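Side chains included, hydrogens not; waters and symmetry mates left out as well; all remaining heavy atoms used. The model shown is predicted, which means the values in this text are computed figures rather than measured ones.
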Amino acid sequence: MKIHLRNAVLIILALLLGGLSSYWFGASPAAVLAPEPPAQAWRDGWSADDDLLAASVAWQERAPWGAPPAVAAEGAPAPPPPSVPVGVSKEGRNYTAIFQVNGSGVIRLGAGGRLPDGGHVLQVSGRRVVWLDADGERRQREIFNEFQGGQ
């Protein structure tokens, strides 16, 4: 019983010592300084003072959310990327190449078919597509393996 009483007295003394030291050495809430208010009051950004033309120029330069960048006034816009084969399908005995065409989705062409950019398909087999691009350069792509150039 003496051990329990001794432990209780030690715990009470420790709590009392901690409380008194917090009272004497701890910072009181009155000693904490309040933060200064901001130099400029908040506003919603849609007042008559805003220069909407300058904001429009900034939005065009930054091309937000995947928007295409503005066309430079100096020259003509860059040509669209060339058509790219993305797959091969088979209907009966004939193979058809599936090309991704910029701006118009996908098209399906067999051997001899014409691409919108001026090239044409030379050969389509199980996994391989061979075509001439708009510049007359021979291209070859094997689905899941990529070969570019004259092969």
Review point. Closest approach of G110 and V124, non-hydrogen atoms and distance?
Key: C-CG2, 4.4 Å

**Study point:** Candidate pair S89 and R108, rule side chain to side chain contact (heavy atoms under 4.5 Å, CB included), full reasoning
**Key:** CA-CA 9 Å; S89 65; R108 296 173 181 265; 3.1 Å; yes

Practice item. Would you kindly confirm whether I98 and Y95 end up in one hydrophobic cluster when ILVMFWY residues are joined by side chain heavy atoms under 4.5 Å apart? Key: no

Exercise for review: Without swapping roles, check the side chain of S21 against the backbone of L17 for a donor-acceptor pair under 3.5 Å.
Suggested key: yes

Review point. Rounded to the nearest 0.5 Å, what separation is found between the CZ atom of R141 and the CZ atom of R127?
Key: 14.0 Å

Check your understanding: How would you list, by chain and number, every residue that makes a salt bridge (Lys or Arg N to Asp or Glu O under 4.0 Å) with D117, sequence neighbours excluded?
Key -> none

Practice item. Evaluate the criterion side chain to side chain contact (heavy atoms under 4.5 Å, CB included) for residue pair F99 and V121; output intermediate values, then yes/no. Key: CA-CA 10 Å; F99 279 85; V121 180; 3.6 Å; yes

Review point. Going by side-chain heavy atoms closer than 4.5 Å, which hydrophobic residues are tied to V9, directly or by a chain of links?
Key: L13

Check your understanding: For T96 and V88, what are the C-alpha separation, side-chain angles and deciding distance, and is it a side chain to side chain contact (heavy atoms under 4.5 Å, CB included)?
Key -> CA-CA 6 Å; T96 304; V88 174; over 6 Å; no

Check your understanding: In terms of hydrophobic clusters joined by side-chain contacts under 4.5 Å, are I3 and I11 together?
Key -> no

Review point. Which atom pair, heavy atoms only, marks the closest approach of L115 to L132?
Key: CD1-O, 4.3 Å

**Study point:** Closest heavy-atom pair and its distance - R114, L109
**Key:** O-CD1, 3.5 Å

Check your understanding: If Ile, Leu, Val, Met, Phe, Trp and Tyr residues are connected whenever their side-chain heavy atoms lie under 4.5 Å apart, and connections chain through other members, are F25 and Y23 in the same group?
Key -> yes

Check your understanding: Below 4.5 Å, heavy atoms only, C-beta onward: do V130 and R139 meet side chain to side chain?
Key -> no

Check your understanding: For the side chain of D133 and the backbone of D135, is there at least one donor-acceptor N/O pair under 3.5 Å apart?
Key -> yes

Exercise for review: Just do the side chain to side chain contact (heavy atoms under 4.5 Å, CB included) check on R128 and Q140 with the steps written out, would you?
Suggested key: CA-CA 7 Å; R128 181 177 298 165; Q140 174 178 319; 3.5 Å; yes

Practice item. Could you name each residue pair satisfying ring pair (Phe, Tyr, Trp, His ring centres under 6.0 Å) that touches residues 101-122, not counting sequence neighbours? Key: none

